[in-house]
Amino acid sequence: MTARPAILTGAAAGGTVPFARPTIEDPARLQEELRAVLDSGMLTDGPRVRALEERFAALTGVNHCVAVSSCTVGLMMVVQAIAPGGEVLVPSFTFSATAHAARWNGATVTFADCDPDTWTLTADQIRSEPDLIIAVHVSGVVADPLGLEKAAEALGARLMFDAAHGAGSLVEVGGDTVPVGRFGTAEVFSLTPTKVLSGAEGGLITTDDAALAEQLRWARNYGNPGDYDTRFAGLNARLSELHAVVALGSLDNLEERVAHRNLVAERYREALGALPGISFQGVPAGSRSSYKDFTVTVEADQFGCDRDACDAALRAEGIETRRYYSPPVHLQAAYRDLPPSSLPTTEALGDRVISLPMWSHLPFDHAERVCDAFVGIHQHAEEIADLVRSGS
């Protein structure tokens, strides 16, 4: 038996295990480069942004990369460019920004269920004939790009990927392991602080479509190609040089970041996999997840208490968690005006998921503490369930 969990004893947690922390490998160098940008007087649309675009295009194996102020605005701009209006199909097990991009463009949003193993959209879940499909690399697990491309082609639909979590993820194609970024019409990455590749804020759009890339460059500057005669209603979506400097530093160490996250994930899987009722998101053979997040599901009848009780007990131990994605988007208030959707896998996940601490320099002893907490919660699960149920 382990020590009684803090939720039962009222004992103070022994320090916090943060859910996420940005990783800055060389702060002194970063400060010097930021100072150089400030001294230059060119704070946006300059050489650092161009360098970031060129390096990320080369990394992902595409011809074009367009840097923007956020992944969300990047998604909005791509939807505007390739499928304004019409029906857009999105998985409901995702962050709400995926669907927001379609709704902001006046599109009809249709929600799809997800694969019970990988939690991503697969061709089997496409039950309508949309004009555009937006697939998502959930937590860094790659949605089946070739299967989705084939399905989209058969439907005459466009395909794009919300790759917010995708930097550092790999997928096997034709016997080769390649980075995401080259699939569909475009893929859109996030640079927010919790991501493996971070610029503090920002986004990157990758594509092999030269005409689309040109339109996106106009779109991030109000739809202005440079002569102030705007061609369409664009946005101010430029990425600053300061954010580009941070992202370039992060890009230098992307492989090391992903490698560390995979080691943490391996430790979580090894320790927590021994507990009844704890399951994990599947990573297809030949693929590599970036592990932007590490999420487990809790089956109450096997583990001894449900997700909510387990989550409360983890927090009492000082372990920060999130419930990605609970509720799923189709059940959120912003989309309750739509006809009800029956998405059994998504809804089951929404009731059972807990995302655990995961960051690119997470100490292994923090991961051990999380694992030990789960063991203690399982051993005292019935008592914890009764306590949470009573509201004490």
Review point. Any donor and acceptor pair, going by atom type alone, linking the side chain of Arg55 with main-chain N or O of Ala51 inside 3.5 Å?
Key: no
Review point. Any link between Met358 and Val353 through a network of hydrophobic side chains (Ile, Leu, Val, Met, Phe, Trp, Tyr) touching at under 4.5 Å?
Key: no
Check your understanding: Counting distance only, does the side-chain N/O of Trp359 pair as donor-acceptor with the main-chain N or O of Pro18 below 3.5 Å?
Key -> yes
Check your understanding: Can you tell me how far the CD1 atom of Ile377 sits from the SG atom of Cys310, to the nearest 0.5 Å?
Key -> 4.5 Å
Check your understanding: Leu89 and Ile126: side chain to side chain contact (heavy atoms under 4.5 Å, CB included), yes or no, with the steps?
Key -> CA-CA 8 Å; Leu89 182 138; Ile126 301 173; 4.3 Å; yes
Review point. Can you find a side-chain donor-acceptor pair between Asn224 and Thr230 that sits under 3.5 Å?
Key: no
Check your understanding: What about Trp119 and Val141, same hydrophobic cluster or not, with Ile/Leu/Val/Met/Phe/Trp/Tyr joined at side-chain heavy-atom distances under 4.5 Å?
Key -> no
Review point. Do the charged groups of Arg127 and Asp113 touch, with an N to O distance under 4.0 Å?
Key: no
Study note, to complete from the structure: In short, ring pair (Phe, Tyr, Trp, His ring centres under 6.0 Å) pairs touching residues 245-280 with sequence neighbours left out are His260-Phe364, Tyr268-Phe294, Phe280-Phe294
Exercise for review: Look at atom CZ of Phe95 and say whether more than 12 heavy atoms of other residues, nucleotides or ligands are closer to it than 6.0 Å.
Suggested key: no
Point to revise | Arg50 atom CZ: more than 12 heavy-atom contacts under 6.0 Å | key: yes
Review point. Are Ile319 and Ile384 grouped together when hydrophobic residues (ILVMFWY) are joined by side-chain heavy atoms under 4.5 angstrom apart?
Key: yes
Review point. Any salt bridge between Arg182 and Glu187, counting N to O under 4.0 Å?
Key: no
Exercise for review: Could you tell me whether Arg217 and Glu214 have a side-chain N and a carboxylate O separated by less than 4.0 Å?
Suggested key: no
Practice item. Please check if the side chain of Ser169 supplies one atom and the backbone of Gly140 the other of a donor-acceptor pair under 3.5 Å. Key: yes
Review point. Hey, are Arg261 and Glu255 close enough for a salt bridge, meaning a charged N less than 4.0 Å from a carboxylate O?
Key: no
Exercise for review: Ignoring hydrogens and angles, tell me if any N or O in the side chain of Arg231 forms a donor-acceptor pair with the backbone of Asp229 under 3.5 Å.
Suggested key: yes
Study note, to complete from the structure: d(Thr207 OG1, Gln215 CD) to nearest 0.5 Å is 11.0 Å
Review point. Of Leu159, Val88, Val90, Asn105, which is the lone residue that meets side-chain contact (heavy atoms from CB on, under 4.5 Å) with Leu132?
Key: Val88
Exercise for review: Give a yes or no on whether a salt bridge exists between Arg269 and Glu266, defined as a side-chain N under 4.0 angstrom from a carboxylate O.
Suggested key: no
Point to revise | N/O donor-acceptor pair under 3.5 Å between Asp115 side chain and Asp117 backbone | key: yes
Practice item. Report the distance from atom CG of Leu356 to atom CG of Leu272, rounding to the nearest 0.5 Å. Key: 6.5 Å
Exercise for review: Would you sort out whether Asn236 and Asn221 count as a side chain to side chain contact (heavy atoms under 4.5 Å, CB included), showing the intermediate values?
Suggested key: CA-CA 5 Å; Asn236 178 0; Asn221 193 30; over 6 Å; no
Point to revise | Closest contact, heavy atoms only, Gln80 versus Pro84 | key: O-CD, 3.5 Å
Check your understanding: Is the closest basic N to carboxylate O distance between Arg257 and Glu25 below 4.0 Å?
Key -> yes
Review point. Are Leu170 and Tyr291 connected in a single hydrophobic cluster, I mean Ile/Leu/Val/Met/Phe/Trp/Tyr linked by side-chain heavy atoms less than 4.5 Å apart?
Key: no
Review point. Would you say Asn253's side chain and Gly249's backbone share a donor-acceptor pair under 3.5 angstrom?
Key: yes
Check your understanding: Under 3.5 Å, is there a donor-acceptor pair between the side chain of Ser250 and the main chain of Ala247?
Key -> no
Check your understanding: Does the Thr206 side chain pair with the main chain of Gly181, one donor and one acceptor, at a distance under 3.5 Å?
Key -> yes
Review point. If only atom types and distance count, is the side chain of Asp208 paired as donor or acceptor with the main-chain N or O of Asn63 below 3.5 Å?
Key: yes
Check your understanding: Among side-chain atoms of Asn262 and Arg288, is any donor-acceptor pair under 3.5 angstrom?
Key -> no
Check your understanding: Where is the tightest heavy-atom contact between Thr194 and Ala20, given as atom of each residue plus distance?
Key -> CG2-CB, 4.0 Å
Review point. For the side chain of Thr9 and the backbone of Ala11, is there at least one donor-acceptor N/O pair under 3.5 Å apart?
Key: yes
Practice item. Indicate whether any N or O donor in one side chain lies under 3.5 Å from an N or O acceptor in the other, for Ser190 and Thr192. Key: yes
Point to revise | Nearest-0.5 Å distance that lies between atom CD in Glu149 and atom CZ in Phe161 | key: 6.0 Å
Point to revise | Glu320 bridged to Arg315 by N-O distance under 4.0 Å | key: no
Study note, to complete from the structure: Sorted by chain and residue number, the side chain to side chain donor-acceptor pair (under 3.5 Å) partners of Asp306 (sequence neighbours excluded) come out as none
Check your understanding: Hey, any chance Leu146 and Val283 share a hydrophobic cluster, counting ILVMFWY side chains that come within less than 4.5 Å of each other, even indirectly?
Key -> no
Check your understanding: Could you walk me through whether Arg307 and Glu299 pass the salt bridge (Lys or Arg N to Asp or Glu O under 4.0 Å) check?
Key -> CA-CA 7 Å; Arg307 183 274 309 274; Glu299 294 288 344; over 6 Å; no
Review point. Heavy-atom distance under 4.5 Å between the side chains of Phe183 and Leu148, does that happen here?
Key: no
Point to revise | Intermediate values then yes/no, side chain to side chain contact (heavy atoms under 4.5 Å, CB included), Met160 and Val79 | key: CA-CA 9 Å; Met160 60 181 286; Val79 174; 3.8 Å; yes
Revision key, fill the gap. Rounded to the nearest 0.5 angstrom, the CD-CG distance for Glu241 and Leu34 is 11.0 Å
Exercise for review: Determine, for Arg369 against Asp372, whether the closest basic-nitrogen to carboxylate-oxygen distance falls under 4.0 angstrom.
Suggested key: no
Exercise for review: Before giving the answer on side chain to side chain contact (heavy atoms under 4.5 Å, CB included), spell out for Leu121 and Asp144 the whole-Å C-alpha distance, their side-chain angles and the decisive distance to 0.1 Å.
Suggested key: CA-CA 8 Å; Leu121 179 69; Asp144 177 20; over 6 Å; no
Practice item. Identify, with sequence neighbours excluded, every residue that meets salt bridge (charged side-chain N to carboxylate O under 4.0 Å, His left out) alongside Glu382. Key: none
Revision key, fill the gap. Shortest non-hydrogen pair, Ala271 vs Cys371, comes out as CB-SG, 3.6 Å
Check your understanding: So, do Thr94 and Val138 sit near enough that their side-chain heavy atoms are less than 4.5 Å apart?
Key -> no
Revision key, fill the gap. Interatomic distance, NE2@His243 vs CG@Leu191, rounded to 0.5 Å, equals 9.5 Å
Check your understanding: Do Pro91 and Thr120 have side-chain heavy atoms sitting under 4.5 Å apart?
Key -> no
Review point. Where is the tightest heavy-atom contact between Leu155 and Pro130, given as atom of each residue plus distance?
Key: CD1-CD, 4.2 Å
Review point. Do Asp162 and Thr98 meet the criterion of a side-chain donor-acceptor pair at a distance under 3.5 Å?
Key: yes
Check your understanding: Does a side-chain N-to-carboxylate-O contact under 4.0 Å join Arg29 and Asp252?
Key -> yes
Check your understanding: Is there a donor in the side chain of Glu201 and an acceptor in the side chain of Ser69, or the other way round, less than 3.5 Å apart?
Key -> no
Check your understanding: Relative to each other, are the rings of Tyr335 and Phe111 parallel, tilted or perpendicular (30° and 60° limits)?
Key -> perpendicular
Point to revise | Phe56/Phe189 aromatic ring centres below 6.0 Å | key: yes
Review point. Should Arg323 and Asp311 count as an ion pair when the cut-off is N to O under 4.0 Å?
Key: yes
